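This is a predicted model, so every value here is computed, not measured. Chain naming here is simple, since letters A, B, ... match the order of the sequence lines and numbering starts at 1 in each.
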2 protein chains.
Amino acid sequence: MKEDDFEVIRKSSIQLKFSKGEVVYKQGGKAQSLMFLHRGIVKFCYQYETGQNYIMTVVGGPKLLGGANLFFRETNIFSITALEDCDICLIDLPAFIQVAMGNPGYILALCEKTLTMFQHSIFNFISLAHNQVNGRIANVLLYLWEHVYKESGYDFTISRKEIAEFAACSHENVITTLSRFKKDGIIELEGKKIIIKDFEGLNIISKRG
Amino acid sequence: MKEDDFEVIRKSSIQLKFSKGEVVYKQGGKAQSLMFLHRGIVKFCYQYETGQNYIMTVVGGPKLLGGANLFFRETNIFSITALEDCDICLIDLPAFIQVAMGNPGYILALCEKTLTMFQHSIFNFISLAHNQVNGRIANVLLYLWEHVYKESGYDFTISRKEIAEFAACSHENVITTLSRFKKDGIIELEGKKIIIKDFEGLNIISKRG
DNA sequence: AAGTAAATATGAAATATTTAATACTAAGAC
DNA sequence: GTCTTAGTATTAAATATTTCATATTTACTT
């Protein structure tokens with residue numbers, strides 16, 4: 001990236017801090033910026049009219065987000081909410097597009113990142129579609145640990161309710177399943193912290209259902 | 001698109017015909033081309049080691065496909081199979097990228113199309129995650145009619161097994177559900193052909209589960 | 001035309017999942 | 001400190017779904 005390109009983008013960006021639980025983007029709101037997640041963890045959430053939530057994916061920084069908004073036009077189709085305290089830089093979309101049109105390589109790179117994120121989601125969805133609750137929860141735990149919490153510096157603490165919204169099942173079912181995993185020695189629960197003991201075992205459950 | 005750009009791409013493209021049931025791309029195979037679906041209907045299919053299939057999406061021509069491959073690199077993560085006879089033009093990827101690098105607008109446009117396709121899939125997945133079989137099948141029927149069969153020139157005929165692979169349930173369940181829809185006057189079955197009678201009703205079922 | 005395979009159809013039994021009722025614990029508000 | 005709320009935990013009953021067994025129809029092969 002050339003110095004003056006960088007300057008254009010920096011000038012039109014805003015640095016923000018979000019606390020755990022705060023909403024960064026609101027579903028249905030106007031999408032006017034890309035978002036660089038410096039540090040922290042956020043969830044992408046779809047909300048039904050009935051009030052039910054569905055967590056589409058969870059990602060940790062540093063990562064450029066909002067490629068989806070770049071193409072999905074005017075409105076956000078998801079809410080983005082901080083799961084842990086976040087440092088976020090909002091990048092003005094018109095400024096970015098102006099710079100990007102002079103640098104096809106940026107666009108390709110951004111698309112690649114965005115699609116890679118979608119790809120993760122899609123594999124998660126495929127797991128949802130074809131596995132039973134056991135396998136879905138195992139899959140969610142593995143994803144969260146490997147791709148989000150492992151190197152994030154945050155404790156692997158996430159509420160049963162949120163696991164339920166990610167694995168698309170009732171929170172009672174998550175509680176029961178986690179208890180069983182614990183009894184079987186696959187995970188340990190230290191206060192709020194989840195510790196995976198037997199990755200191999202979880203993997204097998206995640207595949208076989 | 002400029003004339004000579006078009007020429008470069010045309011020179012490196014191949015026109016092919018595929019019959020109903022033929023595999024266009026094989027999951028795990030090398031991805032070396034974009035694909036322009038002139039005419040016909042294809043399914044994107046994910047296959048498990050266990051032999052189970054899952055249909056990720058179904059699309060009808062004319063449409064540019066394979067943007068996923070452009071970014072998901074070396075190997076196809078899905079198989080693409082013809083559901084109806086297809087005319088397909090395979091576009092050499094290196095040639096396309098060469099032209100595209102000189103035209104950032106093409107890349108944006110391609111990404112937008114690809115992401116729009118993903119967006120459809122994602123809404124479908126969200127329906128899968130949160131609805132019961134009734135709603136999932138209603139959703140699949142509406143999607144297939146509205147976005148694939150309605151203006152395709154093909155009869156809306158698709159096997160119960162394929163609906164099952166799309167809605168992620170057993171084929172027995174599809175059969176039972178279609179019978180009930182028929183009894184309730186929501187659809188009609190004319191031989192192999194599915195005719196939706198009550199769009200409003202299907203929509204309600206698709207939303208309420 | 002007969003035989004075979006594939007798709008459609010149906011019902012019963014087995015299994016999985018949600019819902020509802022209830023209780024305990026931890027954290028935040030006042 | 002007490003009250004309130006949200007999260008965690010467990011169970012039984014109600015419901016949804018899959019699996020299995022079996023039959024019929026349709027399409028394809030020879």
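Counting only distance, with no hydrogens or angles, the side chain of B/S19 and the backbone of B/E22 share no donor-acceptor pair below 3.5 Å. Side-chain atoms of A/R136 come within 3.5 Å of backbone N or O of A/N131 as a donor-acceptor pair. The backbone N or O of A/D85 sits less than 3.5 Å from a side-chain atom of A/Y154, completing a donor-acceptor pair. A distance-only check finds no donor-acceptor pair linking the side chain of A/D87 to the backbone of A/K17 [under 3.5 Å].
For A/H38, the ring pair (Phe, Tyr, Trp, His ring centres under 6.0 Å) test picks out A/F36, with sequence neighbours left out.
Between the CD1 atom of A/I137 and the P atom of C/dA16 there is a distance of 14 Å, given to the nearest Å. Rounded to an integer number of Å, the gap from NZ of B/K161 to P of C/dA7 is 6 Å. Atom-to-atom, CG of A/L189 to P of C/dT25 comes out at 17 Å; the value is rounded to the nearest Å. We find that NZ of B/K192 is positioned 12 Å from C1' of D/dC28, with the value rounded to whole Å. Straight-line distance from the CG atom of B/L128 to the C1' atom of C/dT17: 17 Å, rounded to whole Å. For B/I194 and C/dT8, the CD1 to C1' distance is 12 Å, given to the nearest whole Å. Between the C1' atom of C/dT8 and the CD1 atom of B/I158 lies a distance of 15 Å, rounded to the nearest Å. Distance B/K20 NZ to C/dA7 P: 11 Å, rounded to the nearest Å.
Two end axes, each from the C1' atoms of five base pairs, can be drawn for the helix from C/dA1-D/dT30 to C/dC30-D/dG1; they diverge by 50°, to 10 degrees.
We find the NZ-CD1 distance between A/K182 and A/I194 to be 11.5 Å, quoted to the nearest 0.5 Å.
Among the candidates A/F125, A/Y54, A/Y46, the single residue satisfying the ring-ring contact (aromatic ring centres under 6.0 Å, His included) test with B/F123 is A/Y46.
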side-chain contact (heavy atoms from CB on, under 4.5 Å) assessment of A/I91 paired with A/L64: CA-CA 10 Å; A/I91 300 167; A/L64 184 62; 4.1 Å; yes
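Between A/F166 and A/I55, the shortest heavy-atom distance links the atoms CD2-O, 3.4 Å.
Candidate nucleotides C/dT10, D/dA9, D/dT10 were compared by shortest atom distance to the side chain of B/T176, and C/dT10 ranks first. Ranking D/dT10, C/dT10, C/dT8 by closeness to the A/S179 side chain, first place goes to D/dT10.
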task: Summarise protein proximity over nucleotides 17-23 of chain D in one line of letters, 5' to 3': B for base, S for sugar-phosphate only, - for none, counting protein heavy atoms closer than 4.0 Å.
output: SBBB---
